[in-house]
Amino acid sequence: TAATVGTDELELPATASTGNFENEIDYLNPMTLSWEVEVNDKDHWCEAGDTANRTYVTLGAPATTMRQETLFDIGCRNADGETVAADATAKIWTEFTDRVVKKVDPTTGQPTGTQMTYYASYNPLDSNGQSVVTAPQLLEANDGQCGSWADLLIRVRQAQSIDDPDEYVIFGSPNISVGFAVKNWSFAQNGTSSNATYPYLNICPLGNGSLDANFDAVYGSNSYNWAYAEVTDSSGLEGQGTTNPASLFGNHQVMISGQFYDPSYGILHATLADIDTNAVDGYFILSTENLNEATYGLDLNSDGDQTDLAVPTACYLFRLNPAGNNLVIRNQINR
């Protein structure tokens with residue numbers, strides 16, 4: 001290709017390749033081009049050095065406007081050589097199953113950058129103080145909720161032009177006021193709640209100014225706080241980069257493509273019933289209970305004694321996970 005001679009450089013115009021890449025996903029780290037130059041058609045070619053650049057060849061035109069390199073790294077590196085969307089999805093999914101997902105190192109192009117985590121903090125926030133619920137936020141903050149991990153998997157596939165309709169799924173109990181406890185939780189032999197359906201009682205931290213503030217005080221930086229507990233958290237399902245992530249939720253968010261892909265935990269489920277059986281220990285509601293201080297040995301109203309009766313108290317009431325599936329899809333969304 002003829003180039004324009006400048007004062008101290010040659011400027012090569014945009015030039016079409018004489019050949020094409022294979023119709024497949026490719027991960028080229030690097031793709032090296034060797035250059036030669038001749039002057040005035042003298043047919044004497046001189047070596048002009050090599051250029052080497054990381055190159056990501058996608059299965060099709062990306063279906064997302066996101067261009068963070070980590071999306072293309074996860075997709076192309078894991079699905080290198082794949083030509084079919086389903087096979088590419090299966091290979092991409094392997095990145096999540098060991099629960100070690102790292103961002104690409106901008107210098108080397110290797111997956112050796114910061115490891116991203118799921119609820120390493122029980123309240124992951126981005127630099128603007130907002131809850132981390134999207135893939136861009138996760139790539140910035142490195143720690144996120146389930147929505148950000150589901151979005152990340154969806155965006156990785158979309159970068160390869162793989163995009164199912166309504167693939168973003170939100171599920172939970174049919175009753176939106178009922179939450180669930182992800183394994184593992186230990187239940188005392190006998191609960192002391194007066195609620196026949198939810199017999200186990202946990203008392204929220206006391207003395208925070210209001211019942212609502214006491215409810216909020218349950219969530220510490222990376223643990224749950226209780227003034228009294230008949231249901232206690234212990235290590236169970238590991239999350240991305242986290243051995244014991246937060247595990248009390250009002251809903252959970254995953255990707256569906258024939259099956260339920262849960263990137264937060266790196267687990268693939270065939271049905272919601274499988275999720276209920278394999279991941280959920282129990283269900284809970286928030287309640288204001290009238291409790292006797294002497295029963296629990298607590299100064300529930302912060303008046304300096306433990307003798308008051310029927311004190312309104314912020315509580316979580318739990319039940320063991322009953323037999324059968326107790327989960328429903330609440331919403332499916334295009335992302």
Kindly indicate whether the side chain of D80, heavy atoms from C-beta on, has any atom under 4.5 Å from the side chain of D26.
-> yes
Side-chain H-bond candidate by donor/acceptor type, K103 with N142, under 3.5 Å = yes
Under a single-linkage definition using a 4.5 Å side-chain heavy-atom cutoff for Ile, Leu, Val, Met, Phe, Trp and Tyr, are I162 and L153 assigned to the same hydrophobic cluster?
-> no
Give a yes or no answer on whether the side chain of Q306 reaches the backbone of A294 with a donor-acceptor pair at less than 3.5 Å.
-> no
Please walk me through it: do V39 and V5 pass side chain to side chain contact (heavy atoms under 4.5 Å, CB included)?
-> CA-CA 10 Å; V39 180; V5 180; over 6 Å; no
If you look at every heavy atom in A314 and L211, which pair is closest and at what distance?
-> N-CD2, 3.6 Å
Single-linkage hydrophobic cluster I329~V182, side-chain heavy atoms < 4.5 angstrom | yes
Indicate yes or no: does R155 engage D151 in a salt bridge with an N to O separation below 4.0 Å.
-> yes
Measuring from C315:SG to I285:CD1, what's the distance to the nearest 0.5 Å?
-> 10.5 Å
Would a 4.5 Å heavy-atom cut-off, applied to side chains only, mark W35 and L12 as touching?
-> yes
I74 backbone acceptor or donor facing N78 side chain under 3.5 Å | yes
Taking all non-hydrogen atoms of both residues, which atom of P245 and which atom of Y265 are closest, and how far apart?
-> CG-CE2, 4.3 Å
Please test D233 against S247 for side chain to side chain contact (heavy atoms under 4.5 Å, CB included), starting from the C-alpha separation and ending with a verdict.
-> CA-CA 8 Å; D233 181 30; S247 52; 3.7 Å; yes
With distance as the sole test, does W149 use its side chain to make a donor-acceptor pair with the main-chain N or O of T117 at under 3.5 Å?
-> yes
Cut-off 3.5 Å, side chains only: do T112 and Q110 have a donor facing an acceptor?
-> no
side-chain hydrogen bond (donor to acceptor under 3.5 Å, both in side chains) between S177 and N175: does it pass, once the steps are laid out?
-> CA-CA 5 Å; S177 65; N175 185 340; 2.7 Å; yes
Can you name the nearest heavy-atom pair linking L71 to A159, along with the distance?
-> CB-CB, 4.5 Å
Specify the closest pair of heavy atoms between D299 and G304, including all atoms of both residues, with the distance to one decimal.
-> OD2-N, 2.8 Å
Provide the closest heavy-atom pair for Q160 versus I92 in the form atom of the first, atom of the second, distance.
-> CG-CD1, 4.3 Å
Check: G220 main-chain N/O paired with S223 side-chain donor or acceptor under 3.5 Å = no
Does any N or O in the side chain of D98 come within less than 3.5 Å of the main-chain N or O of T94, such that one atom is a donor and the other an acceptor?
-> no
Side chains of D143 and S121: do they bring a donor and an acceptor to under 3.5 Å?
-> no
Does T1 reach the side chain of P13, with side-chain heavy atoms less than 4.5 Å apart?
-> yes
Anything under 30° is parallel, anything over 60° is perpendicular, the rest tilted; go ahead and classify Y56 against Y27.
-> tilted
Distance in Å, S127 OG paired with E140 CD, rounded so as to fall on 0.5 Å steps | 3.5 Å
Heavy atoms from other residues, nucleotides or ligands near CD of E36 exceed 12 (cutoff 6.0 Å) = yes
Given N321 and D281, is the side-chain hydrogen bond (donor to acceptor under 3.5 Å, both in side chains) satisfied, shown in steps?
-> CA-CA 5 Å; N321 187 4; D281 259 349; over 6 Å; no
Minimum-distance pair of heavy atoms, taken over all atoms of N301 and D308 = ND2-OD2, 3.2 Å
Identify whether NZ of Lys or CZ of Arg in R319 sits under 6.0 Å from the centre of the six-membered ring of Y283 and within 45° of that ring's axis.
-> no
Main-chain N/O of I267 paired to D262 side chain as donor or acceptor, under 3.5 Å | no
Within a strict 4.5 Å, meaning less than it, do heavy atoms of the C204 and N225 side chains meet?
-> no
Is it true that a side-chain atom of S173 and a backbone atom of G179 form a donor plus acceptor pair closer than 3.5 Å?
-> no
Any chain of hydrophobic side-chain contacts (each under 4.5 Å) joining L59 to I154?
-> no
Rounded to the nearest 0.5 Å, how far does CG of D276 lie from CG of N326?
-> 4.5 Å
Taking ILVMFWY side chains as joined if any heavy atoms are under 4.5 angstrom apart, and letting links pass through other members, which residues group with F318?
-> Y122, W185, F187, Y200, F215, V218, Y219, Y224, W226, V231, L248, F284, L286, Y316, L320
Lys/Arg-Asp/Glu bridge criterion (N-O < 4.0 Å) met for R54, D73 | no
Is there a side-chain contact between S131 and N123 (heavy atoms, below 4.5 Å)?
-> yes
Trace of the side chain to side chain contact (heavy atoms under 4.5 Å, CB included) decision for E38 with C46 | CA-CA 6 Å; E38 69 167 359; C46 301; over 6 Å; no
Do you see a donor-acceptor pair shorter than 3.5 Å between the side chains of T192 and Y296?
-> yes
Please answer: with hydrophobic residues joined when any side-chain heavy atoms are less than 4.5 Å apart, are L28 and I25 in the same cluster?
-> no
Do E167 and R157 sit within salt-bridge range, that is, some charged N less than 4.0 Å from a carboxylate O?
-> yes
Under 3.5 Å, is there a donor-acceptor pair linking the side chains of D216 and N208?
-> no
Please lay out, stage by stage, how T51 and T32 fare under the test side chain to side chain contact (heavy atoms under 4.5 Å, CB included).
-> CA-CA 6 Å; T51 54; T32 302; over 6 Å; no
For A310, does its backbone N or O pair with a side-chain atom of N292 as donor and acceptor, under 3.5 Å?
-> yes
Heavy-atom donor-acceptor pair, T313 side chain to N290 backbone, under 3.5 Å = no
Please check if any side-chain donor atom of Q158 sits under 3.5 Å from a side-chain acceptor atom of D163, or the reverse.
-> yes
Would you confirm whether the ring centroid of F249 sits within less than 6.0 angstrom of the ring centroid of Y119?
-> yes
Can you find a pair of side-chain heavy atoms, one from Q240 and one from Q115, that are under 4.5 Å apart?
-> no
Evaluate whether atom CD1 of I176 has more than 12 neighbouring non-hydrogen atoms of other residues, nucleotides or ligands under 6.0 angstrom away.
-> no
Heavy atoms, side chains only, cut-off 4.5 Å: are E82 and C76 in contact?
-> no
Side-chain heavy atoms of P30 within contact of T55, under 4.5 Å = no
Are a donor atom and an acceptor atom from the side chains of Q137 and T134 found within less than 3.5 Å of each other?
-> yes
Is there a donor in the side chain of S34 and an acceptor in the side chain of D50, or the other way round, less than 3.5 Å apart?
-> yes
If only atom types and distance count, is the side chain of T242 paired as donor or acceptor with the main-chain N or O of G239 below 3.5 Å?
-> no
Linked, directly or transitively: V178 and V328 (ILVMFWY side chains, under 4.5 Å) | no
Say whether Q332 and Y168, considering side chains only, have a donor N or O and an acceptor N or O under 3.5 Å apart.
-> no
Any chance the rings of F260 and H252 have centres within less than 6.0 Å?
-> no
Just how far is it from atom CD of E24 to atom CG of D87, taken to the nearest 0.5 Å?
-> 12.5 Å
Check the surroundings of atom CG in N23: do more than 12 heavy atoms from other residues, nucleotides or ligands lie under 6.0 Å from it?
-> no
